[in-house]
2 protein chains.
Amino acid sequence: MANRRRPVTLRAIADQLGLDVSTVSRVLNGAAGDRARAASGATAQRIRDLATELGYRPNPHATSLRTQRSNLIGVLVPRLSDLVLATIYEGIEEAASQHGLSTFVTNTRDEPDKQRDRTEMMLARRVDGLIFGDAHADAVLLDELAAQGVRFVLVSRWAGSHPSVTCDDYQGGRLAAEHLLDRGHERVAVIAGEPHASTGLDRTAGFVDRYREAGVPLPEHRVVRSRFDTAGGRQAAELLLDQAERPSAIFAVNDFAAIGAAGAARDHGLRLGEDLALVGFNDTPLAAELPIPLTSVRSPMREMGRRAVDLLARVLAGQRVESERLTPTLVARASTLGSTGAGDSHDDDGGGNAG
Amino acid sequence: MANRRRPVTLRAIADQLGLDVSTVSRVLNGAAGDRARAASGATAQRIRDLATELGYRPNPHATSLRTQRSNLIGVLVPRLSDLVLATIYEGIEEAASQHGLSTFVTNTRDEPDKQRDRTEMMLARRVDGLIFGDAHADAVLLDELAAQGVRFVLVSRWAGSHPSVTCDDYQGGRLAAEHLLDRGHERVAVIAGEPHASTGLDRTAGFVDRYREAGVPLPEHRVVRSRFDTAGGRQAAELLLDQAERPSAIFAVNDFAAIGAAGAARDHGLRLGEDLALVGFNDTPLAAELPIPLTSVRSPMREMGRRAVDLLARVLAGQRVESERLTPTLVARASTLGSTGAGDSHDDDGGGNAG
DNA sequence: TCGTTTGGCCCAATCGTTTGGGTCGATGTT
DNA sequence: AACATCGACCCAAACGATTGGGCCAAACGA
C-alpha cells in the first residue's frame with residue numbers, strides 16, 4: 001500500500017510508463033470521449049493497472065484549482081445536536097457522496113451574525129454550492145447571496161422564493177388538528193416554536209386553520225411561542241397549563257418541545273393520554289420509545305436531506321428547478337389514545353412524495 | 001462586494017498596484033519576518049487596504065497545493081444523529097475554527113467496512129489529520145493507519161495506545177455504583193452497551209468493580225449488552241425485568257438506553273424512582289427534562305471535542321502527546337430519589353479536568 | 001504515388017499561491 | 001572614493017492536474 005506521506009501523482013505513473021502526464025490524465029480521469037482518443041487499449045490498461053497498484057488518488061486541490069470546481073458543498077444548520085437536523089444531514093451526506101460531492105457542515109445556532117460568518121467562510125473555502133437548514137423567514141441574507149450569484153438550496157425551512165425541499169408543514173399541522181378533532185378535543189393549545197422558522201409557522205397555521213374550519217377557533221393566548229428544545233417546550237407548557245381554562249390537548253410543533261411539555265404535565269399532576277393529549281412533530285425515534293409513547297406527525301427527514309442534494313446538484317448544473325414539498329403522515333400513539341396501547345409501525349424513514 | 005463568480009486573486013491586487021504577486025503574497029499571508037522585509041510600511045498598507053476593499057480571500061486549493069497542507073481535518077463518528085457524538089462534534093468544530101482548521105464529518109454507522117471506506121476518502125481529500133469518534137476496541141484499522149504514518153487522535157472511545165481524549169468512564173461507572181450503594185440497592189443490573197466500544201466496557205467495569213469491592217458481586221446475567229439507542233435500552237431492560245429476581249436498580253451506560261429502559265419499566269407497571277431506580281450516562285439535556293428526571297453521570301462532551309482538536313493540533317505539529325481522561329460527575333435526580341424532587345443544577349457543559 | 005485521414009501520443013499553458021533567490025539604487029563605513 | 005550593507009522589490013520555479021493544440025507515422029483513397 002502507498003505511503004500516505006508522499007501520495008502518488010500522475011507524473012509518477014507517467015514516468016514509470018514512459019508516457020506523458022496528459023495521456024495518463026485522460027485515461028484516468030478524462031471524459032468518455034477524451035479517454036478513448038487518449039491512448040490505445042493496451043496502453044490504457046497498463047495505465048489503469050499501475051494506477052490501482054500504486055493506489056493513485058487525484059489530488060483534489062490540484063483538480064479544483066485547474067477546473068474551478070471543488071466538488072464541495074457547504075451545509076449550514078442551527079445545531080447538529082438537534083436530532084432533526086442531524087438526521088437531515090445524514091441524508092445529505094448519503095446523497096452527496098453518491099454525487100461525488102463532499103460536505104462541510106457547520107453550526108450557526110440560528111444567529112444571523114454566525115450565519116453570515118460561516119457562509120463567508122464556506123465561500124472562502126470555494127464550495128460549489130450551499131444548503132441552508134437554518135433559513136430565516138425574512139431571507140435577507142439569502143436574497144443577498146442570490147443576488148451575488150451564489151448557488152444554494154434550502155432544506156427543512158423555506159424562505160422567499162428560493163428553491164427548497166421541505167415537509168408540507170401546513171398539511172402536517174392540519175393532520176394533527178384532524179386527529180385531535182376526531183378524539184373530540186375542543187379546548188386545544190399550540191406550542192408554536194420560533195417565529196423565524198417556517199416549520200413552526202406553517203405547522204401552527206395548518207393546525208389553527210383546520211380548527212377554525214371546524215368551527216372551533218383557537219383564542220390567541222392558546223398559541224405560545226417557544227424554543228424548539230425540551231426546555232422551551234416545558235416553559236411553554238407551564239404557561240398553558242397555568243391558564244384558567246386548561247387545554248385538554250396540546251400540539252407541539254416539535255417532538256422535543258413535546259417531551260418538555262410532558263414533563264410539565266406531570267408536574268401538574270396530569271396523566272398523559274388521560275388528562276392531557278399531546279401531539280408532537282417529526283416522529284423522532286424517541287417518540288415511540290418514551291414511557292408514554294408520543295403521537296407525532298412524521299416528516300421524512302432523511303429523505304429531505306437526500307432531495308436537497310439532488311436539487312442542489314441540478315442547480316449547479318444550471319438547470320431551472322422547482323421547490324419540493326414532501327408529505328407528512330400522522331402516527332397515533334398512547335399520548336392521544338388514553339390507556340389504550342399504541343398502534344405503531346416503526347420503519348426508519350417514510351418516503352413521502354413531492355407536490 | 002466582490003462577485004462570487006470570479007474571486008479576486010493576488011494577481012488582481014498586484015496588477016492594480018503595479019507590484020509583483022510575491023510582494024502582495026508576503027504582505028498578506030507571509031510569516032511575520034517575511035512580511036516585514038517584503039515591502040515598505042506604506043506599500044504594505046496600500047496592499048492591505050485594497051485587499052479588504054476587494055474582499056480578497058486566498059484560494060485554499062492553490063495554497064494547499066503549494067504548501068502540501070490542507071488545514072482540513074476529518075472526523076469520523078458512528079452517527080451524528082446520536083446526540084452524544086453530535087455534541088462532541090460541536091466542540092470539535094468550535095476548536096477547529098479557532099485553530100484555523102476546517103472539518104469534514106462523516107457517519108460510519110460503526111461498521112468497519114464503512115470506517116475503512118470513509119477514512120480512505122478523507123485521505124483522498126488530503127486531510128492533514130483525523131479524529132475518530134468510532135474507534136473499535138480491537139484497533140486493527142487504527143494500527144494500520146498509524147503504521148502508514150497517518151496522523152490521528154481518538155475521542156470519546158480509546159483503543160490500543162493511540163492518543164485519545166476520553167471521559168474517565170471507569171470512574172463514571174464507579175460513581176454510578178457508589179450512588180446506588182448509598183441508596184441501599186443490592187440487586188442491581190447493568191445495560192452495558194456494545195462490546196466494541198471502550199465507553200460501555202469501562203463504565204460497566206467501573207460499576208461492577210465498585211459493587212464487588214462493596215462485597216456485592218453482580219451475577220453475570222445481570223449485565224446485558226445492548227445497542228446505545230433507545231430501542232436497544234428497551235430490549236435490554238425487558239430481559240432484565242423478566243428475570244425471576246427483578247433488580248431494584250439499573251445502570252444504563254447511555255441516557256438513551258436509559259430512556260428505553262424507562263419505557264420497559266412502565267410496561268411492567270413499575271414506577272421509576274419508586275419501584276425501580278435508574279441511572280443513565282452523559283447527562284444529555286433531555287435527562288433533566290424528562291417527565292421523571294433521570295439521574296445521570298455527566299461527561300464533558302463538548303470539552304472532549306475541543307480537547308481532541310487541541311491534541312490533534314499538537315500531533316500535527318510533530319509533538320509527543322499524552323492521552324487525556326476527563327473526569328465525570330454524577331447528577332442525582334428523581335429517577336433514583338423516590339418521589340422527592342430532583343436537586344438539579346443545569347449549566348450547559350461541565351469542564352472536567354485531565355488526569 | 002501523393003495527399004488526407006486518423007490513431008496515438010506529446011507539448012505547454014494554466015489555475016493561484018508560496019518561497020528561495022536575485023537586482024538595483026541608496027545609505028553607511030573607512 | 002571604493003565597497004559592503006540594506007531596504008524594497010521582482011523573478012521564476014514549483015505544487016498536481018486539465019485541456020486545446022500540435023506532431024508523426026501508418027493506413028487509406030484516388
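To find a chain, count down the sequence lines: A is the first, B the second, and so on, and within it residues start at 1. Values below: every heavy atom of this structure, side chains too, minus hydrogens, waters and symmetry copies.
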Response to the item:
Comparing A/Arg57 with B/Val21, nearest DNA chain D nucleotide closer to 5' gives the residue B/Val21
Discussion item. Can you work out whether B/Asp20 or A/Gly30 has the more 5'-proximal nearest nucleotide on DNA chain D?
Written reply: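 Whichever sits nearer the 5' end wins; that is B/Asp20.
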Rounded off to whole Å, could you give me the [atom1]-to-[atom2] distance for the [X] and [N] pair?
X	N	atom1	atom2	answer
B/Arg35	D/dG7	CZ	C1'	18 Å
B/Arg126	D/dG16	CZ	P	9 Å
B/His61	C/dC15	NE2	C1'	12 Å
B/Asp34	D/dA8	CG	P	14 Å

Worksheet entry | Nearest-nucleotide pick for A/Leu10, side chain only, options being C/dC15, D/dC9, D/dA17 |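 Of the options given, the side chain of A/Leu10 lies nearest D/dA17.
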Item to complete: From the options D/dC9, C/dG16, C/dG8, select the nucleotide whose nearest atom is closest to the side chain of A/Ser40.
Response: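 It is C/dG8.
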Touch class at under 4.0 angstrom, heavy-atom based, for [X] against every strand present:
X	answer
A/Thr67	sugar-phosphate
B/Asn29	sugar-phosphate
A/Ser25	base

Worksheet, complete the sentence: By nearest-heavy-atom nucleotide on DNA chain C, the more 5' of B/Ala62 and A/Ala36 is A/Ala36
Item to complete: Would you mind telling me which of A/Thr43, A/Asp15, A/Ile47 makes a side chain to side chain contact (heavy atoms under 4.5 Å, CB included) with A/Val24?
Response: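 Among the candidates, only A/Ile47 passes.
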Side chain of [X], base of [N]: donor and acceptor closer than 3.5 Å?
X	N	value
B/Ser22	D/dC11	yes
B/Arg26	C/dG20	yes
A/Thr43	C/dC9	no

Worksheet item: Does D/dA30 pair with anything, Watson-Crick or G-U wobble, both distances under 3.5 Å, and if so, with which nucleotide?
Response: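 Result: C/dT1.
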